[in-house]
Amino acid sequence: MKNCLVAIVLLYSLFSAADRVYALGEKTITLGAESSWQAMERREGVAESVRNRPHPVLALSNGVSPAGGQTPLDLDLSFNEGHPERFTDSRGRYDVTVSDDLRTAPAPWNRTGNGSALFSGAGLDGHAPLAARPRTSSLFAAGSHIEDFTFEFWLFPQTIENGAQIVSWSSYVSARATSSFAQQLILCAVERNRTQWTFENFFSSADRSRSIPLALSGPLLVPRVWSHHLIRFDSANGLVEYWVDGELEAAAFATSTGREGGEVHTPLAGENGQWTLGAYFSGMIDVFRVYSGLAELPAQTKFPARGGRAESRTLDLGKANSRLLKLEAFGGRTTNAAGSVSNEYVSNAALNFSDHSAVHFSIRMSNEMFNWDNSPWIPVKPGADLPAAFRGRYVQIAADFFPSANGQTSPYLSELRVVYQAAEPPPPPTQIVAAARDGAVELSWRASPSRDVGGYLVFFGNAPGEYFGSYAILNDMAVSSPINVGNRTSVRIEGLTNGTLYFFAVTAYSAADAASDGTAAQTGAGEFSREVAARPLMLAAEDGR
């Protein structure tokens with residue numbers, strides 16, 4: 001009785017584990033992590049970056065200009081070069097120099113691109129933390145008549161220090177009345193915990209005899225929070241606008257009347273001019289740009305609401321009708337709130353976060369490498385076992401990235417694992433029998449026990465285990481080893497030499513291989529059957545039949 005109970009328990013365990021038998025032969029293709037992301041070759045709005053993980057991750061790209069549009073760029077400082085000594089104007093119109101106090105803040109501390117300029121609060125002793133001197137081709141070259149223009153930058157004050165100079169332009173212009181020189185100044189500084197723009201000897205009358213000073217005040221600054229600042233001038237009506245985070249904070253008219261309708265005063269760039277960033281300022285500045293025109297109002301989200309998408313190239317599972325078992329995904333999100341960076345990592349589960357940032361996955365499979373017309377994308381959940389219908393030799397993976405509701409956070413993907421079971425060929429047939437005939441051999445066998453048999457290959461040769469037969473006749477056609485005899489269990493092979501001993505073995509291939517090209521059956525065939533041998537002879541008994 002005890003033995004009977006043990007047998008029942010063993011049988012129960014065997015059957016209860018039947019649906020997990022596939023794990024015994026599972027294989028894995030890894031994307032990301034140490035394997036890199038080269039397989040994710042089609043990317044839209046998605047790029048590689050380093051976000052608190054040992055290896056590069058995939059995340060939404062945030063390198064688009066906040067102002068955007070078609071307005072020509074005159075000065076472009078992105079701070080993405082990785083080291084302050086390599087900071088440069090991408091337009092090649094300004095010469096950039098930096099001090100030893102300047103640092104680089106990498107992602108995810110920065111606001112856009114791959115880095116920002118980190119200022120320590122150093123003053124102007126010796127030289128500016130960052131200076132950009134105009135070349136003759138620039139908008140602010142000495143003596144240039146400036147019409148429409150736009151300045152923009154992202155600001156992250158570590159502390160709010162009154163007197164900090166965020167941005168300044170300084171040069172010298174001739175004062176006709178006294179035949180002397182006066183300082184021309186554009187200054188964005190912190191006063192009473194607000195940003196204050198000052199323009200002196202910059203907007204001048206047509207005859208350059210008069211200049212109009214302007215001052216525009218911004219909102220209260222919030223420490224350890226990014227804000228976007230934009231100044232633009234319309235020479236058609238003399239309007240100067242100051243926008244902060246997409247909201248109009250201040251406006252003034254550079255006209256003789258101080259309002260719309262008077263003579264518009266326009267700038268004339270002075271001599272020995274220089275842009276200076278970050279004097280006495282502690283914090284970060286990102287993407288400082290000067291446009292030679294009216295730039296469009298900026299998009300305030302860090303990442304586009306439409307998100308981005310990455311698709312893998314075609315991955316080969318090796319055998320037709322291989323079964324995809326599951327997709328494992330590893331990733332998270334990195335947030336930068338109030339200057340504090342936190343990393344939320346998720347291992348092999350749905351990448352959906354409380355701020356509505358997410359990564360969604362879909363898969364399509366086919367037995368044909370280049371024909372996906374009948375293979376739609378099917379959404380899948382990472383870590384979940386997939387239905388048995390997910391079969392094919394080729395698979396593609398797609399990942400759709402969506403930012404947080406406020407557009408400030410991107411999820412990231414650090415690793416993907418494609419877990420599958422390669423289709424196994426049918427086992428070989430059994431009970432092989434070879435009968436010698438005149439110039440021929442008749443072979444027969446018992447069918448392979450698999451339900452997935454598409455046909456059989458007959459191998460032959462003149463030595464045991466060496467099936468290199470180069471000539472025989474089947475159905476009045478010359479054939480060589482191996483011979484594809486289709487899905488039948490007997491065959492007569494003719495054209496053989498009497499007196500020569502031939503050796504034979506049979507293998508089975510799957511129905512999927514039978515439906516593929518001519519080489520699929522041979523490459524997908526299984527193990528050899530038992531070897532048999534026969535020597536064709538001209539026998540009197542056979543002649544009498």
Side-chain angles (χ1 to χ4, degrees), residues 65 67-77 89-96 131-153 165-176 181-189 196-216 229-243 250-277 287-298:
S65 166
Q70 301 299 317
T71 310
L73 265 172
D74 179 62
L75 169 61
D76 179 22
L77 298 174
D89 166 32
S90 70
R91 308 303 295 169
R93 297 173 180 174
Y94 291 79
D95 295 317
V96 178
R133 290 186 173 274
R135 297 179 181 177
T136 56
S137 59
S138 69
L139 181 66
F140 278 76
S144 295
H145 291 269
I146 302 172
E147 296 183 352
D148 299 347
F149 66 79
T150 304
F151 315 143
E152 71 153 342
F153 58 88
Q165 298 179 14
I166 311 301
V167 175
S168 69
W169 162 261
S170 179
S171 65
Y172 293 93
V173 293
S174 173
R176 292 188 177 183
F181 286 90
Q183 184 183 28
Q184 182 181 79
L185 181 67
I186 303 172
L187 176 63
C188 177
Q196 181 79 26
W197 284 90
T198 302
F199 295 85
E200 295 180 359
N201 297 314
F202 188 69
F203 295 105
S204 301
S205 60
D207 60 5
R208 303 299 164 187
S209 62
R210 302 180 307 279
S211 65
I212 297 177
L214 291 180
L216 297 92
H229 299 255
L230 182 144
I231 288 278
R232 64 181 186 180
F233 171 66
D234 187 348
S235 61
N237 54 22
L239 179 62
V240 182
E241 298 175 320
Y242 181 26
W243 295 79
F253 282 95
T255 61
S256 57
T257 60
R259 59 183 183 274
E260 187 175 9
E263 177 195 352
V264 175
H265 287 44
T266 56
L268 179 70
E271 301 285 339
N272 198 29
Q274 174 178 288
W275 285 103
T276 301
L277 271 64
V287 187
F288 178 72
R289 291 185 171 115
V290 176
Y291 298 84
S292 56
L294 290 173
E296 299 176 3
L297 294 180

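Remember, it's a predicted structure, so these values are computed and weren't measured experimentally.
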Run the numbers on Thr150 and Glu152 for side chain to side chain donor-acceptor pair (under 3.5 Å), then give the verdict.
-> CA-CA 7 Å; Thr150 304; Glu152 71 153 342; over 6 Å; no
Considering residues, nucleotides and ligands other than Gln274, do more than 12 of their heavy atoms fall under 6.0 Å from its CD?
-> yes
Applying side-chain contact (heavy atoms from CB on, under 4.5 Å), run through Phe288 and Leu277 and close with a yes or a no.
-> CA-CA 9 Å; Phe288 178 72; Leu277 271 64; 3.9 Å; yes
Take Ile146 and Leu139 through the side-chain contact (heavy atoms from CB on, under 4.5 Å) test and state the conclusion after the steps.
-> CA-CA 7 Å; Ile146 302 172; Leu139 181 66; 4.2 Å; yes
Could you tell me the separation between the CG atom of Leu239 and the CZ atom of Arg232, rounded to the nearest 0.5 Å?
-> 8.5 Å
What's the spacing between His265 NE2 and Ser204 OG if we round to 0.5 Å?
-> 7.0 Å
Decide, yes or no, whether a salt bridge links Asp95 with Arg135 under the criterion of side-chain N to carboxylate O below 4.0 Å.
-> yes
Taking every non-hydrogen atom, the tightest pair across Ala269 and Ala141 | CB-O, 3.3 Å
Between Gln184 and Gly270, the two heavy atoms sitting closest are OE1-N, 3.1 Å
Intermediate values then yes/no, side-chain contact (heavy atoms from CB on, under 4.5 Å), Trp197 and Ile231 | CA-CA 9 Å; Trp197 284 90; Ile231 288 278; 3.4 Å; yes
From the options Trp169, Phe153, Phe151, select the one residue that forms a side-chain contact (heavy atoms from CB on, under 4.5 Å) with Cys188.
-> Phe153
Nearest-0.5 Å distance that lies between atom CG in Leu294 and atom OG1 in Thr71 | 7.5 Å
Flag the pair Arg210 and Glu263 as a salt bridge only when some basic side-chain nitrogen lies within less than 4.0 angstrom of an acidic carboxylate oxygen.
-> yes
Does the side chain of Ser170 pick up a donor-acceptor pair with the side chain of Gln183 at under 3.5 Å?
-> yes
One should read off an interatomic distance between Leu268 CG and Ser144 OG, to the nearest 0.5 angstrom, of 8.0 Å
Pair Asn201, Ser211: side-chain N/O donor-acceptor within cut-off below 3.5 Å | yes
Heavy-atom check, side chain of Trp275 versus side chain of Val290, under 4.5 Å = yes
Between Leu216 and Val240, is any pair of side-chain heavy atoms under 4.5 Å apart?
-> yes
Are side-chain N/O atoms of Tyr291 and Asp148 paired as donor and acceptor at under 3.5 Å?
-> no
Check the pair Val96, Leu77 against side-chain contact (heavy atoms from CB on, under 4.5 Å), reporting the backbone distance first and the verdict last.
-> CA-CA 9 Å; Val96 178; Leu77 298 174; 3.8 Å; yes
Which heavy atom of Leu214 sits nearest a heavy atom of Ala254, and at what distance?
-> CD1-CB, 3.9 Å
Side chains of Phe181 and Val173: closer than 4.5 Å at any heavy-atom pair?
-> no
For the pair Arg91 and Asp76, find out whether any cationic side-chain nitrogen is under 4.0 Å from an anionic carboxylate oxygen.
-> no
Side-chain touch Asn272/Ser171, heavy atoms, less than 4.5 angstrom = no
Would you mind telling me which of Phe199, Phe202, Phe149 makes a side-chain contact (heavy atoms from CB on, under 4.5 Å) with Phe233?
-> Phe149
For Thr198 and Gln196, does a side-chain donor sit closer than 3.5 Å to a side-chain acceptor?
-> no
Are side-chain heavy atoms of Glu260 and Thr255 found at a separation under 4.5 Å?
-> no
Going from CZ on Arg93 to OG on Ser138, what distance comes out if it is rounded to the nearest 0.5 angstrom?
-> 8.0 Å
What distance separates Asp89 CG from Arg133 CZ, expressed to the nearest 0.5 Å?
-> 15.0 Å
